[in-house]
Q: 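I'd like to ask you about the structure that follows.
Convention: sequence-line order gives letters A, B, ...; per-chain numbering from 1.
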Amino acid sequence: MNIEKKLKTSVSSAIHSIYSHKIKSDDIQIQSTSNEYEGYYTILLFFLSKIFSENPAKIGEKIGNHLIENEDFIESFNVEKGFLNIDINKISWLKLFFNIYSEKDWGFKMNIGKELMVEFSSPNTNKPLHLGHLRNIFLGDSISRILKAVGYKVHRVQIINDRGIHICKSMVAWIKFGKGDSPEKSGIKGDHFVGKYYVLYQEELNKEINQKIKKGVTKEEAEKNAQIFNEAKNLLIKWENRDPETIKLWKKMNKWVYEGFDKTYETLGVDFDKIYYESETYLYGKKEVEKGLKKKIFFQKNDNSIWVDLNKYGLDNKLLVRSDGTSVYITQDIGTAILRFRDFPKIEKQIYTVGNEQEYHFKVLFKILEIQGFDWAKECYHLSYGMIDLPSGKMKSREGTVVDADKLLEEMVHISEKRTKELGKIKDFNKNEQKLLFDKIALSAIKYFLLKIDPKKPMLFDPNESIDFQGNTGPFIQYTYARIISILERAKNKGIKEDFNTNLNVKSINEFEKKIVYLLSIFPDKILVAASDFSPSTIANYIYDLSKAYNRFYQEISIFKEEDNETILFRISLSKSVSKIISSAMKLLGINMTSKM
RNA sequence: GGUCCCGUAGCUCAACUGGAUAGAGCAACUGCCUUCUAAGCAGUAGGUUACAGGUUCGACUCCUGUCGGGAUCACCA
């Protein structure tokens with residue numbers, strides 16, 4: 001069934017009978033043939049050349065001839081330098097395809113009884129989501145799906161940073177300027193509503209600082225003693241002391257934010273299995289730090305602050321609890337990690353989807369967990385991804401260059417509507433179907449745009465250039481898919497019933513079809529690579545290759561003009577398989593397909 | 001300054017983890033709709049893979065150095 005495996009054994013035994021030398025079939029290196037050459041499977045000959053001290057091309061000839069004579073699945077071969085290129089025969093292609101065609105979920109593994117946890121999104125609760133969050137969310141969502149596809153049970157979680165000075169800043173501004181306003185009254189989405197007050201706080205603070213500087217106070221002094229800043233700090237202290245009024249307001253404002261986030265998540269089509277809140281885990285983290293202090297893993301300075309010395313691991317001293325007894329960011333991270341392994345004892349790995357700016361932080365965190373004696377610490381993995389830059393540089397909220405997620409999505413829907421109408425493609429769509437179509441196209445454009453790039457790499461986004469709809473894009477894939485569905489519908493209307501099997505007397509199989517079958521056959525490998533590299537871009541690039549190959553076939557070959565019925569049936573079955581794989585591969589990116597556009 | 005990441009066509013990205021003449025899309029130019037959806041297909045042009053060495057039969061990929069860009073090293077998150 002597996003051609004590569006079969007080829008390896010065949011080559012291995014060919015070598016054995018030619019050279020009387022045993023080479024394990026696993027040691028045979030095989031790769032797909034480069035486009036310029038005939039064939040689909042390529043055997044590397046260099047290492048054999050070393051062993052037998054013979055010209056690789058000669059070795060290739062010998063093996064090739066031996067294969068032709070002794071193996072019934074080989075069609076032809078050619079040797080180019082150190083490469084033996086092989087094509088398999090028609091029956092083998094058909095068998096290979098039938099194998100894929102008859103598989104319900106080609107490429108997907110059943111549950112293997114192992115569990116993982118993926119953390120992603122995890123925003124602060126003081127402002128709405130932006131483009132950077134989108135990369136994070138799509139990446140985490142996609143990775144979760146990919147890991148599930150290779151057989152893991154995946155727990156999708158986030159940690160919400162719901163506590164701390166940032167939310168107090170929004171609270172202060174709302175108390176001072178809000179006059180009891182709310183998202184309901186103002187008609188503003190909750191997260192944007194709260195974000196507005198966060199911005200207001202910043203403006204007020206700047207005003208105050210500038211006034212003080214004019215009066216001759218230094219900038220540092222002014223920042224430290226700004227009245228509004230002190231009010232925020234007071235609020236934080238009140239919060240930590242569980243002041244009922246403060247807690248009430250805090251809950252109210254966070255609720256607004258969550259309602260806003262939920263709307264966005266719904267639009268994006270992502271969800272979570274469990275949400276952790278920092279306000280619920282930070283005390284637990286503190287307890288664990290105190291435990292560590294007793295065990296003398298950590299040390300306390302004279303001012304009562306608690307530290308860990310990581311110098312012998314090539315890291316620095318790290319503060320764990322402030323001198324005033326309040327916790328810092330990493331304190332709650334320690335607590336959260338421990339809680340998670342307690343909540344889900346079966347998870348083998350915990351994956352943190354967080355930007356690469358926090359690489360040092362996670363190195364420190366994992367090291368701390370390790371010296372605390374948790375053996376799962378080495379199973380914590382920071383899925384680090386690159387930042388999104390604008391042509392002008394970093395996104396900066398102070399300079400108002402942050403690309404707002406909701407706004408971007410809206411714009412994309414607009415563009416997709418405009419595009420679709422220009423092309424006049426929606427004659428028989430009703431209003432509701434139109435809306436669904438625009439949303440799907442827009443979402444596929446933006447998800448694909450962010451996921452097709454290797455997560456590790458920083459990427460550039462130009463807000464002035466809208467995301468493309470042509471070439472290597474989500475809409476292109478959607479389009480290819482819609483074309484296939486249209487063919488399948490037509491076949492149905494013509495009463496062509498599907499009963500493809502290997503006994504089909506297909507006259508011949510052409511290069512376009514072979515290419516497609518080949519690509520379909522490697523889908524399982526691509527999922528495995530994507531899973532082990534934590535890289536949805538592998539899947540995206542694969543879908544693009546497959547779509548291109550199909551469009552080529554579509555262009556060159558007319559399905560319904562063909563006279564041979566069995567060939568028509570083969571081509572329809574092939575089309576059906578391509579549509580299935582495109583759809584399930586896109587699903588791995590969190591993208592839903594439209595059958596018409 | 002220490003540590004880490006990045007540098008590939010004008011622009012945005014690939015390159016099966018060391019393999020063939022480094023590939024796509026956008027932008028430019030040329031063809032293809034009376035034929036299954038032209039959001040498509042084919043073609044032309046565009047490269048000393050930042051630079052200099054080294055390892056190897058073979059390097060965008062590994063090693064060393066240089067240059068350029070970014071991140072990080074907080075009683076911020």
Q: For nucleotides G40(B) and A22(B), find the distance between their P atoms and express it as a whole number of Å.
A: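 G40(B) and A22(B) have their P atoms separated by 27 Å.
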Q: Just checking Thr33(A): base, sugar-phosphate only, or nothing, at a heavy-atom cut-off of under 4.0 Å?
A: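 Counting heavy atoms under 4.0 Å across all strands, the contact made by Thr33(A) includes a base.
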Q: Indicate yes or no: does Asp454(A) engage Lys456(A) in a salt bridge with an N to O separation below 4.0 Å.
A: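 Looking at Lys456(A) together with Asp454(A), the answer is yes, because their closest N to O distance falls below 4.0 Å.
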Q: Answer with yes or no whether Asp545(A) presents, from its side chain, a donor or acceptor under 3.5 Å of a partner atom in the base of A14(B).
A: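 Check fails, no donor-acceptor contact within cut-off.
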Q: Students often get this wrong, so: under 4.0 angstrom with heavy atoms, is Asp389(A) touching a base, only sugar-phosphate, or nothing?
A: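 No contact.
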Q: Apply the syn/anti split at 90° from 0 to C13(B) and say which one it is.
A: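 You should classify C13(B) as anti.
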Q: Assign the ring pair Tyr329(A) / His361(A) to parallel, tilted or perpendicular, where the plane angle (0 to 90°) is split at 30° and 60°.
A: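 The arrangement is tilted - the two ring planes meet at 30° to 60°.
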Q: Only pairs with both distances under 3.5 Å count, Watson-Crick or wobble alike; so what is the partner of U64(B) in this structure?
A: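 U64(B) is paired, partner A52(B).
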Q: Donor-acceptor pair under 3.5 Å: do we get one between Ser486(A)'s side chain and the base of C36(B)?
A: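 When only heavy-atom distances are counted, Ser486(A) does not reach the base of C36(B) through any donor-acceptor pair under 3.5 Å.
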Q: Paired with U12(B): which nucleotide, if any, by Watson-Crick or G-U wobble criteria at under 3.5 Å for both distances?
A: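 Per the H-bond distance test, A24(B).
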Q: Applying a 4.0 Å non-hydrogen cut-off, can you work out what Thr326(A) is touching in the nucleic acid: base, sugar-phosphate, or nothing?
A: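 If one applies the 4.0 Å heavy-atom cut-off, Thr326(A) turns out to touch nothing in the nucleic acid.
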Q: Looking only at N and O atoms, is any donor in the side chain of Thr480(A) or the base of A39(B) less than 3.5 Å from an acceptor on the other one?
A: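 Absent.
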Q: Please state whether the phosphate of C41(B), meaning OP1 or OP2, lies under 4.0 angstrom from any side-chain nitrogen or oxygen of Asn551(A).
A: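 Yes, such a contact exists.
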Q: Would you indicate what Gln470(A) reaches in the nucleic acid, counting non-hydrogen atoms under 4.0 angstrom: base, sugar-phosphate, or nothing?
A: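 Touches sugar-phosphate only.
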Q: Tell me what Ile522(A) touches on the nucleic acid: a base, only sugar-phosphate, or nothing, going by heavy atoms under 4.0 Å.
A: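 Counting heavy atoms under 4.0 Å across all strands, no contact is made by Ile522(A).
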